[in-house]
Protein chains: 2
Amino acid sequence: MAMITIQEISKISGYSPSTVSKALNNYSDISEKTRQKILKIAKDLRYVPNATAQSLVKKRSNTIGIVFEVEYGLNNLFFAKILESIRKQLEIQGYDLIFLSNNTNNGKDYLKHCYSKQVDGVFVISIGQSKEAVNKLLFSDIPVLSFDPDVEMKNSIYSESYNSIKTALKYLYDLGHRKIVYIQGSIYNFIGNMRYRSYLDFMKEYGLKPYYIKELDNAFYTFDEGYNAMRMNYERFGLPDAVLASSDLMAIGAMTFLKDKGYHIPDDVSIIGFDDIQLCEIIQPKLTTIRQDYEEIGKRASQTLIDMIENKISNIDPVIIPSKLIVRESCKQRK
Amino acid sequence: MAMITIQEISKISGYSPSTVSKALNNYSDISEKTRQKILKIAKDLRYVPNATAQSLVKKRSNTIGIVFEVEYGLNNLFFAKILESIRKQLEIQGYDLIFLSNNTNNGKDYLKHCYSKQVDGVFVISIGQSKEAVNKLLFSDIPVLSFDPDVEMKNSIYSESYNSIKTALKYLYDLGHRKIVYIQGSIYNFIGNMRYRSYLDFMKEYGLKPYYIKELDNAFYTFDEGYNAMRMNYERFGLPDAVLASSDLMAIGAMTFLKDKGYHIPDDVSIIGFDDIQLCEIIQPKLTTIRQDYEEIGKRASQTLIDMIENKISNIDPVIIPSKLIVRESCKQRK
DNA sequence: ACGTTTTACGAAATCGCTTTCGAGTAAATT
DNA sequence: AATTTACTCGAAAGCGATTTCGTAAAACGT
């Protein structure tokens, strides 16, 4: 089934291709009568503008790219949720979202790919792996918005972490806990590092001794890592009063280890996670955690990037989305 | 930063645009010497072919569309996993994946969108919502592969369900269970209905009375629905020997209800889920379930669709991926 | 040395659409 | 009645590639 083109509408209507195009695009120099005629024919013929041809001449594709390079990909609940929110928002705004695959033999080159596909802007969800490729993007003339930003913090959006970690720690402190373990994810990206520093700062301010496993400083926030970190921590420092983990999965991993050891949560140990994934409500006890507002992150991200695209802004201040302590059942006053 | 075009390479090299294009595309009627010269210049100038222009003339975009219309979107672990596998596979094969957003004021029209964006093929992950739009796609001349197919079963890929459900039931039967509850998802799509029929068939074959809640026949496979279904079932029919749920989340929902009631799993009731999400290994007891091979589904789906695209095949037999009972800790011999 | 085949390249058309600019006609102005 | 002004429309160039076809030069054969 061949596509109907403007030329054919032109033939049938008797108007020139330019006139047809203008009618279709609401130019003001087309009389209402002819516009209606042309619109009718276009409709009858089920005319569909060829977006490819359009972007060739307009240099605009109404398509936003996404560089998605994440351990476990979409299985990573956190990013899946954000992506879902982005997807919904872009749908509303009329943009398509395209995953930029990258199989150039000569190494990754996202920038090239973006140019080639003529995307209007790009989201970057990428932790660490291909720094240079991402940096090239970040410092190009294409609007870019990055999640989980690097130290440069250029054009990024993320959840507030520093204060919310402190809030959570204060909450534990007020419950009487003093020996508080921290289970970190990677401390080499911006976010992970910020959380880590927040913990250290807090402990210092309150004159407490920090407990964490230095060697495990490059984790991916998984259940197994949480389990393992808790095990090492336990063997090295004994039973803590409370645990603060940098992800829910890690928190649940830690909780599972403690349960396996025969301890009871929250009677023996209090635990707090980070993220607020669905699982928090499913497990026993329900996990107290710091909620990231995925919906809002995705929404603001989309709005911000589109704003950058439409107003040709190439540098923005970091967009920081508030996060919030959600109290459930995994913490308790110290006996 | 303007993009380098073939014209510029032409200017600099002294060769015509056609020659440059041919050199870049390994045409045989270009001498090795000039090819090298041109390639060098292209490289030095960081030439990037404009994919838009290319697809305009080639009528091929190396882009595969995806219609993604699912309750809870990517938060639906099942589809997120498949998508992840697809993504990885397409990356290898050099195709980009584009989410077809759809905000035409005059209702959804995926087909239009596909034509417009010139996608080479389309995946459809859509349960029920916009039937006609999806059907138009399915019966168009664009290669389409559908997950969770409709009754027509046209061009679809899915997990084997009928036999694996029976296998699971037989497993429960052999453990001595006779009063086996089924918690269904929707029975109005192909997959859901097949599972449901499998249950009924099995119970009939073994002369057992089926237990399920008829009214709950249009669920979305969620935790809450599982919890609720189990509650209703319990209130109506009392405690069962075993439960087979059509998703892991539902199974876990059911398990949670039973635990809340003070029962012990698997001592009092055996439970089997369907999907094999990560959670199965995390909860206590670990959930016995029927595993869908997401990896394989995504991989085969990609291969199949690409095959359809490259060999202009527009109709294929259903692709059925085996699934498999994974025995963990949630089932036990009846006392 | 002459005819024939190869080889290497370029001109030009094309893909489908947008946009500038000029021109013809009708309407408005003085 | 003459001159502006406003409306409509179309010709043509251009976006950045690909591809057909023709041709000049080189290579070959006898």
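Chain letters run A, B, ... following the sequence lines, proteins first, then strands; residues in each count from 1.
- Phosphate contact (OP1/OP2 of D:dA17, side-chain N/O of B:Tyr47, threshold under 4.0 Å): present.
- A:Leu24 places its CG atom 7 Å from the P atom of C:dT18, with the value rounded to the nearest Å.
- Between the CZ atom of A:Arg60 and the C1' atom of C:dT18 there is a distance of 15 Å, rounded to whole Å.
- The residue B:Ser21 sits close to a base: some heavy atom pair falls under 4.0 Å.
- Between A:Leu56 atom CG and C:dT19 atom P the separation is 12 Å, expressed in whole Å.
- Classification of B:Lys88 and B:Glu91 as a salt-bridged pair fails, no side-chain N sitting under 4.0 Å from a carboxylate O.
- At the phosphate of D:dG16, neither OP1 nor OP2 sits under 4.0 Å from any side-chain N or O atom of B:Gln54.
- Side-chain nitrogen and oxygen atoms of B:Asn50 include none within less than 4.0 Å of the OP1 or OP2 phosphate oxygen of D:dC15.
- Residues A:Leu97 and A:Phe123 form a side-chain contact, since some pair of their non-hydrogen atoms from C-beta on lies under 4.5 Å apart.
- Between the NZ atom of B:Lys58 and the P atom of C:dG16 there is a distance of 16 Å, given to the nearest Å.
- A ring pair (Phe, Tyr, Trp, His ring centres under 6.0 Å) with B:Tyr158 holds for exactly one of B:Phe78, B:Tyr294, B:Phe190, B:Phe147; it is B:Phe190.
- Atom pair B:Asn26:CG and D:dA17:C1' shows a separation of 16 Å (rounding to whole Å applied).
- As a whole-Å value, the separation of A:Gln118 CD from D:dC15 C1' is 9 Å.
- If you take CD on B:Glu310 and CZ on B:Arg60, they are separated by 5.5 Å, rounding to the nearest 0.5 Å.
- For the residue pair A:Gly94 and A:Asn62, the shortest heavy atom distance occurs at O-OD1, 3.9 Å.
- Ion pairing of B:Glu32 with B:Arg35 is present here, as a side-chain N (NZ or NE/NH1/NH2) and a carboxylate O approach within less than 4.0 Å.
- Rounded to an integer number of Å, the gap from CD1 of B:Ile6 to P of D:dT18 is 5 Å.
- With rounding to whole Å, A:Lys59 atom NZ is found 12 Å from C:dT18 atom C1'.
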Per-nucleotide protein contact along nucleotides 4-14 of chain D, 5' to 3', at a 4.0 Å heavy-atom cut-off (B base, S sugar-phosphate only, - neither), is ----BBBBB--

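- Proximity of B:Tyr115 to B:Asp141: side-chain heavy atoms (C-beta onward) are separated by under 4.5 Å at one or more points.
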